Participant: 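Below is a structure I'd like to ask you about.
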Amino acid sequence: MIVSLTINGEPKTATIGGFESLLRVLRDDLGLLGSKNACEQGECGSCSVVLDGEVVCACLVMAADCEGSDVTTVEAYGTGDDLHPFQQAMLDEHGVQCGFCTPGIVVTGIRLLEENPTPTEDEIREALSGNICRCTGYGGILRAFDRLAKEGTE
Amino acid sequence: MEFVAAKDLDEALVAKANHPDAEFLAGGTDLMVEVNLAHHRPSSAIGLRRVDELREMTDLRIGAGVTWATLESHPHRALAQAARTVGSPQIRAAGTLGGNIGTASPAGDGLPWIAALDGTIELRSKDRGTRVMPWREFFVGVKRTAILPDEAIVAVRIPEDTPARQEFAKIGVRNAMVISTVSCVVTHGDNGTTVALGSVAPTPMRATRAEEMINAEKNPSEAALAEFARIVSEEVRPITDHRSTESYRRHGAGVLARRLLERCLS
């Protein structure tokens, strides 16, 4: 079956062979390799995308169920030269080490900041509780939010 | 038919009547794990994400399609508490109470609340209409329910006479993103105390002997609370598996039940 959906503001169509996940379609059919495929069971958050306004794990979304959906992936934010302020803050504060979780953290983090520009540390920790990072211990990631909060008030 | 994204409940029920082997897809947080890991390949599926009727919610009737994210602020305190412990924000944005009921895992975090309040499961089919089933009849084993092949889970209903106090807690190996080792709901009100537990039997269960014992006490003494915990530990029927041992689950069940009862009485 053919599914039409909007990805990062652009209309796209994908040919679905069965019950594969949105993540597989993003990566294998549409060449959007930013969303990472790690656990494939919704535990790690490295495939986080915004689906119709909610941050979800793309690995748990059936692509066939995405007709008419609006999807935002990490590719929507910044380019190699021109980073989103949260991406720049993650870089400056060493919120990135191996980088595998980073796309999911960027999607979740930016969505949180869009909904709540001045989150408390508890709110940040709660929002990131489904994004597992085994390198940084989250210190650098939390400092990235702090930096944005400070820059926002200066 | 391979996949139908149902626009409303009627369309979903017609598709299910015509294809009884089809599986309902709500939030995908259970089904897609099975599909991704190639444990399971559905013959066909019916998507429920767009069915507004399933998202209707009142204090006494919760549509099967209501997500955990929505339930986090439900007026029933123990249900809201349970919702906040499910998975992660990503899982709670997608997963639904109806999915929890349909999957019927012993560890389903919403199920002890249904058992503690003597909830009923509202089922519907195209040909036979609505059927309302007590939770005890609905959950028949590990991931097994009494649903018929042409039926959909439409809602959970709970009786009008709701207890004044209700508390949920669970034990797991970490704080977020964790499947219950033991979960428990205790309620307390004019009709007495109820105790329901998850992850300690093939289905959600009530600790009825512990309920009888504590309901005979006007102001439970320290000794009565200890006896209550002991009976709960005795009544549960846990197993040892990759998540915990039988003996730890027995111990945890008693500790949780007593702690929640004390919260209800405070």
Side-chain angles (χ1 to χ4, degrees), chain A residues 1-5 16-24 35 37-69 104-105 107-109 111-112 115 119 122-133 138, chain B residues 1-7 12 15 22-51 55 65 67-70 72 83-96 99 103 172-179:
Chain A
M1 67 185 284
I2 294 186
V3 169
S4 305
L5 68 175
I16 310 296
F19 301 110
E20 67 264 42
S21 67
L22 174 62
L23 178 63
R24 291 282 180 100
S35 310
N37 183 359
C39 75
E40 277 206 291
Q41 46 187 309
E43 301 248 354
C44 76
S46 62
C47 66
S48 297
V49 300
V50 184
L51 173 71
D52 298 328
E54 305 274 2
V55 178
V56 297
C57 295
C59 72
L60 298 183
V61 177
M62 193 183 280
D65 198 22
C66 288
E67 177 66 36
S69 288
I105 300 233
V107 168
T108 304
R111 184 70 188 143
L112 171 65
E115 289 179 331
D122 280 352
E123 287 167 340
I124 296 165
R125 285 177 179 273
E126 177 60 31
L128 291 178
S129 61
N131 293 84
I132 308 289
C133 173
Y138 294 92
Chain B
M1 179 186 102
E2 191 157 64
F3 184 83
V4 171
K7 287 182 294 295
E23 301 205 21
F24 284 122
L25 171 75
T29 58
D30 286 323
L31 181 61
M32 287 305 289
V33 174
E34 301 280 300
V35 171
N36 288 340
L37 302 181
H39 290 162
H40 177 61
R41 193 190 187 288
S43 61
S44 52
I46 302 165
L48 299 175
R49 200 155 67 86
R50 293 165 181 77
V51 178
R55 283 196 295 270
T67 63
W68 297 112
T70 301
E72 284 179 59
R84 285 195 285 269
T85 73
V86 172
S88 63
Q90 286 90 330
I91 301 293
R92 298 198 289 274
T96 65
T103 295
V173 291
R174 58 198 294 276
N175 237 340
M177 199 66 240
V178 67
I179 292 173

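Predicted, not measured: the structure shown is a model, and the values here were computed from it. Order of the sequence lines fixes the chain letters, A, B, ..., with proteins taken first and strands second; residue numbering starts at 1 for each chain. All heavy atoms count here, side chains included; hydrogens, waters and symmetry mates do not.
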Participant: Check each atom of A/E20 against the heavy atoms of chain B and say whether the ones under 4.5 Å are side chain, backbone, both or neither.
Facilitator: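 The answer is the backbone of A/E20.
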Participant: Tell me, side chain or backbone of A/E54 under 4.5 Å from chain B's heavy atoms, or both, or neither?
Facilitator: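 Interface part for A/E54: side chain.
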Participant: Indicate yes or no for a side-chain donor-acceptor contact from A/N131 to the backbone of A/T108 under 3.5 Å, with no hydrogens or angles considered.
Facilitator: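 Flag not set: sc A/N131 to bb A/T108 has no pair under 3.5 Å.
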Participant: Of the listed residues (A/Q41, A/M1, A/R24), which shares the most heavy-atom pairs with chain B below a 4.5 Å separation?
Facilitator: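 Heavy-atom pair counts peak at A/Q41.
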Participant: Under 4.5 Å heavy-atom distance to chain B, tell me which part of A/M62 shows up: side chain, backbone, both or neither.
Facilitator: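 Both parts, heavy atoms under 4.5 Å.
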Participant: Do you know which of B/S88, B/P89, B/G28 has the most heavy-atom pairs with chain A at a distance under 4.5 angstrom?
Facilitator: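 Among the listed options, the one with the most contacts to chain A is B/P89.
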Participant: Using heavy-atom distances under 4.5 Å, tell me whether A/V61 contacts chain B through its side chain, its backbone, both, or neither.
Facilitator: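 Contact with chain B: backbone only.
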Participant: Counting only heavy atoms from other residues, nucleotides and ligands, does the tally under 6.0 Å from CZ of B/R55 exceed 12?
Facilitator: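 More than 12 heavy atoms, drawn from other residues, nucleotides or ligands, come within 6.0 Å of this atom.
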Participant: Using only atom types and a distance under 3.5 Å, with no angle test, would you say the side chain of B/R84 pairs donor to acceptor with the backbone of B/E72?
Facilitator: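 Looks like yes, one N/O pair under 3.5 Å.
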Participant: For the pair A/R111 (side chain) and A/V50 (backbone), establish whether a donor and an acceptor sit closer than 3.5 Å, ignoring hydrogens and angles.
Facilitator: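 Not a single qualifying donor-acceptor pair exists.
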Participant: Quick one, B/I46 with B/L25, criterion side-chain contact (heavy atoms from CB on, under 4.5 Å). Give me CA distance, side-chain angles, the key distance, then yes/no.
Facilitator: CA-CA 6 Å; B/I46 302 165; B/L25 171 75; over 6 Å; no
Participant: Can you tell which part of A/I132 gets under 4.5 Å to a heavy atom of chain B, answering side chain, backbone, both or neither?
Facilitator: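 Answer is side chain: those atoms of A/I132 sit under 4.5 Å from chain B.
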Participant: Where does A/I16 contact chain B at under 4.5 Å (heavy atoms): side chain, backbone, both or neither?
Facilitator: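 The answer is neither part of A/I16.
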Participant: Counting N and O atoms only, with roles assigned by atom type, does the side chain of B/E2 sit under 3.5 Å from a partner on the main chain of B/S44, one being a donor and the other an acceptor?
Facilitator: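 Absent.
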Participant: Measuring heavy-atom distances to chain A, does B/R174 have an atom under 4.5 Å in its side chain, in its backbone, in both, or in neither?
Facilitator: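 The answer is the side chain of B/R174.
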Participant: Would you check if the side chain of B/D30 reaches a backbone N or O of B/T103 as a donor-acceptor pair within less than 3.5 Å?
Facilitator: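 Not confirmed, B/D30 side chain does not pair with B/T103 backbone.
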Participant: Counting only non-hydrogen atoms closer than 4.5 Å, does A/S48 touch chain B with its backbone (N, CA, C, O), its side chain (CB onward), both, or neither?
Facilitator: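 Contact with chain B: side chain only.
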